[in-house]
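Since the model is a prediction, treat every value here as computed from it, not as a measurement.
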Amino acid sequence: MNNPITAWIKDNMETYSGREEWMKDRVAETSIAAQKIVDERHGPFKTKLNVTTTRRSRGFDHFYLASSDFKRKDEGCVNSFKSFRYYQDQSAKYRDELLKEVEESS
């Protein structure tokens, strides 16, 4: 009697020659990629540190954040007009709620 799980594993196993061919392709692709990096780095039009990125293209959006929870939010940018505007709007909303509550209670 044949075990179905063993038969399924045997049918889906890689062969040794298949693994060897995959490894040869992987080594070839890696050596091609490495040669591309060398060629690009030593080309006449590239600088020595061409891989490093610059923040200038990004604009000024890298404020100091009080907490990572506030990342990409206006309330997180410490000492900025964005955070000032956000907290000013929030305090105005809270003031309006308090005034409404006082009016309703009197």
>> Is it the case that atom OH in Tyr87 sees more than 12 heavy atoms from other parts of the structure closer than 6.0 Å?
In response: yes

> Looking at OG1 of Thr30 and CD of Gln35, how far apart are the two atoms once the value is rounded to the nearest 0.5 Å?
Replying inline: 13.0 Å

> Can you tell me how far CG of Leu99 sits from OH of Tyr94, rounded to the nearest 0.5 angstrom?
Replying inline: 11.0 Å

>> Could you see if Trp8 belongs to whatever hydrophobic cluster contains Met13? Use Ile, Leu, Val, Met, Phe, Trp, Tyr and a side-chain cutoff under 4.5 Å.
In response: yes

> By side chain to side chain donor-acceptor pair (under 3.5 Å), which residues pair with Gln88, not counting sequence neighbours?
Replying inline: none

> Would you call Lys100-Glu103 a salt bridge at under 4.0 Å N-O?
Replying inline: no

>> So for atom CG, which belongs to Leu98, do other residues, nucleotides or ligands contribute more than 12 heavy atoms lying within a distance under 6.0 Å?
In response: yes

> Quick one: which of Arg19, Met23, Lys24 gives a side chain to side chain contact (heavy atoms under 4.5 Å, CB included) with Glu21?
Replying inline: Lys24

